[in-house]
Amino acid sequence: MCGITWDEVTNRRQAEQERDRHRREAHDGGVPDGDGIRAQDSEPWPGRGVLLAGLLVMLFVMYSSWHGQ
């Protein structure tokens, strides 16, 4: 599976055209197993940054409670 994302595609018809072009050029017109069109979320929630910040805050609080007594 190629896992290609086309940022400029804004509707399903455009996605189908890009998919068909890619199939012709990269796969000799064949349909790769598991091929499909999926909507790309603009930003999954929570983002990695939010999770990392939460983890760091949690570690800081734990460290402070252990060494602050």
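Leu52 and Phe60 are not part of a single hydrophobic cluster, where members link through side-chain heavy atoms under 4.5 Å apart.
In terms of the side chain to side chain contact (heavy atoms under 4.5 Å, CB included) criterion, residue partners of Leu59 (sequence neighbours excluded) are, by chain and number, Leu55. Arg13 is linked by a salt bridge (Lys or Arg N to Asp or Glu O under 4.0 Å) to nothing, counting only residues two or more places apart in sequence or in another chain. Under the side chain to side chain donor-acceptor pair (under 3.5 Å) criterion, Arg24 pairs with no residue, sequence neighbours left out. Gln14 is linked by a side chain to side chain donor-acceptor pair (under 3.5 Å) to Thr10, counting only residues two or more places apart in sequence or in another chain.
Distance check, rounded to the nearest 0.5 Å: CZ of Arg19 to CZ of Arg12 gives 7.0 Å.
In the hydrophobic clustering, where aliphatic and aromatic side chains (Ile, Leu, Val, Met, Phe, Trp, Tyr) are joined below 4.5 Å either directly or transitively, Val57 groups with Val61.
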